[in-house]
Amino acid sequence: CKGVRGPLPRIRTRIGAGDSSGPGPLYRLADYLDQIGRRERSDQMPPNTFWAAAETCTHPGDLSALGDAAFARGLYREASQLYRRAITHGNLDALPRLVRCTHRLPSADQRLVSWAVTHVAVNNPFAMAQMLDALREVGDGEQLSVLADRAVRHVAVDDPFVVAWLVDALREVGAQEQISML
């Protein structure tokens with residue numbers, strides 16, 4: 001090869017760099033192949049086998065971003081699977097994304113939405129606001145009411161920032177009764 005890197009060169013990691021990617025060597029697609037692939041395949045949809053492999057082989061930290069890519073392409077079933085896997089690995093930020101995705105599937109399982117509402121972190125005002133917004137977007141008034149009630153019961157009222165954030169989120173979704181309770 002006379003010094004020319006191959007199509008899939010191994011990435012050398014520094015010792016003690018805190019590499020959390022797991023066991024085994026890491027590889028990266030050569031820059032020239034990446035550029036050619038992006039240009040020539042930019043308008044093509046990855047095959048189903050890609051999404052199936054991505055679900056099982058992707059690093060847990062990348063599952064949500066990959067779910068976003070599937071969602072942007074209208075592949076709601078694949079996105080839902082990727083979001084579920086991200087959630088099982090502890091990424092609760094994928095919960096609102098899963099709600100948005102589930103409501104676009106022809107056979108939406110409402111138990112999944114209900115599960116997502118019960119697992120959103122009530123001590124995280126940003127997560128609560130995102131979930132409230134997602135439920136408002138999909139028009140799920142029943143779960144929106146359940147989450148708003150749960151938020152009011154569990155919010156720490158000693159932090160004015162959290163209370164203001166939650167009141168603003170509740171106002172945006174029209175939960176006047178919960179605002180009064182808070």
When hydrophobic residues are tied together by side-chain contacts of less than 4.5 Å, even through go-betweens, does [X] share a cluster with [Y]?
X	Y	value
V117	V120	yes
L105	L135	yes
M45	F71	no
L82	L92	no
M181	L147	yes

Q: Rounded to the nearest 0.5 Å, what's the gap from CZ on R28 to CZ on R10? Could you check?
A: 15.0 Å

Return the minimal non-hydrogen interatomic distance between [X] and [Y], and the atom names on each side.
X	Y	value
A116	M131	O-CE, 3.7 Å
P9	A30	CD-N, 4.1 Å
P46	R73	CD-NE, 4.1 Å
A121	M128	O-CG, 3.6 Å
L75	W51	CD1-NE1, 3.3 Å
G67	A79	O-CB, 3.4 Å

**Q.** Test side-chain hydrogen bond (donor to acceptor under 3.5 Å, both in side chains) applied to Y83 and D93, D68, N91, the passing residue
**A.** D68

Q: Please assess H119 against I87 for the test side-chain contact (heavy atoms from CB on, under 4.5 Å), listing each intermediate value before the final yes or no.
A: CA-CA 10 Å; H119 284 81; I87 292 164; over 6 Å; no

(Q) Could you walk me through whether D140 and V99 satisfy the side-chain contact (heavy atoms from CB on, under 4.5 Å) test, starting with their C-alpha distance in whole Å, then the side-chain angles of each, then the deciding distance to 0.1 Å, before giving a yes or no? (A) CA-CA 10 Å; D140 194 335; V99 167; over 6 Å; no

Using a 4.5 Å cut-off on heavy atoms from C-beta on, say whether the side chain of [Y] contacts that of [X].
X	Y	answer
L29	P7	no
V113	H103	yes
V138	Q143	no

Q | Residues L66, E55; criterion side-chain contact (heavy atoms from CB on, under 4.5 Å); working and verdict | A | CA-CA 9 Å; L66 199 54; E55 182 184 338; over 6 Å; no

Would you confirm whether [X], through its side chain, and [Y], through its main-chain N or O, come within 3.5 Å as a donor-acceptor pair?
X	Y	answer
Y76	R100	no
S145	E142	no
T88	R85	yes
R150	T118	yes

Q) For E137, does the CD atom sit with more than 12 other heavy atoms under 6.0 Å from it, leaving out its own atoms? A) yes

Q) For L132 and L144, what are the C-alpha separation, side-chain angles and deciding distance, and is it a side-chain contact (heavy atoms from CB on, under 4.5 Å)? A) CA-CA 6 Å; L132 287 165; L144 184 66; 3.6 Å; yes

